[in-house]
Amino acid sequence: MLAEFLQNNSQLLSLLLITLLAIAAILYPTWRRKHRRQVLRQKPFPKAWRKLLQQRWPLYRALPADLQQELRRQIQRFIAEVEFVGCDGLSVTEPMQVLIAAQACLLTLKLPVNDYPGLRQVLVYPDAFAVQQDRPDVAGVVHNNMQWREGESWQQGQVILSWRHTLAGATIADDGRNLVVHEFAHQLDQQTGSVNGFPPLATTQLQQDWSLQMQVAYTRLQQDLQQGIAPWIDPYAATNPAEFFAVLSELFFEMPAYLARCQPKLYQLMQQFFQLDPQSWPLQQAELPTRAARHLN
Ligand SMILES: [Zn+2]
């Protein structure tokens, strides 16, 4: 009877089997990731990593205990899920991975999606790296230009960093310059599918406020620069709205009191987006980086 049923319905059963396999293939990676994250939650945060953060990154010391705890959880997950690739002969050691992951996870600490879903690799160069750009001039003649970069963020799931600048960004935590924060702000911006200084914002109200206030501040910055007025932010922020958001993120995390004082509306918007208030973190004066500290490996 069963044999007869199978024979009569073989096509239907094959289709059912293929459908089930297809569903399993779609669901398996998500299940595996969820399971791996659950296992990871049980693993203690390595003492050496904690010591490294305490010693090398003044901002970590300034964070309240609950945020430190959340950051440690996100660092473990980041290191487990993202591939680090050394470039130009650089070997990306575990301490380097921890310092990069820590600064990247600072941005996602309280975000509803508190990771970088599309990110697959972090490529690390020892220092600034050369990028070749072919640009046509007004006559249409293409020129090969070499440009030096400290970092890049790609929509295809890669972030590229100069280690020297990454370490400087971590060590000097109150100068408003942080390469990792900058590049990972671009990653957040890129999550919406376009790169326009408009990261995924939780509410319609925030979207409207963001659109208005950022545009006003960005336009005014460009006018100030044209008129020779000293800008309140690194002039690189005037390159385009995406760079404006990335440079603003550096200021928000590293010079929050300054940003809140000179651009209170922007500070408030960033506070609402990141759901963090860095102004309330008692950042101790960053220790002057020693030559040894700059050569962590
Ligand atoms: Zn940028």
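Please read these numbers as outputs of a predicted model, since none were measured by experiment. Every number for a ligand or one of its atoms is a count from 1 in the order of the listing. We use all heavy atoms of the structure for the numbers below, so side chains are in, but hydrogens, waters and symmetry mates are not.
By the 4.0 Å N-to-carboxylate-O rule, Asp209 lies too far from Lys265 to be salt-bridged with it.
Contact detail for Thr108 and Asn114: the closest heavy-atom pair is O-CB, 3.1 Å. Closest of all the heavy-atom pairs between Leu179 and His165 is CD2-CB, 3.8 Å.
Residue Glu183 does not count as close to the Zn ion (ligand 1), with no N, O or S atom under 2.8 Å.
Atom NE2 is the N/O/S atom of His182 found closest to the Zn ion (ligand 1).
Geometry at the Zn ion (ligand 1): OE1/Glu243 and NE2/His186 form an angle of 100°, nearest 10 degrees.
Distance alone, capped at 3.5 Å, is enough to place a donor-acceptor pair between the Gln68 side chain and the Tyr60 backbone.
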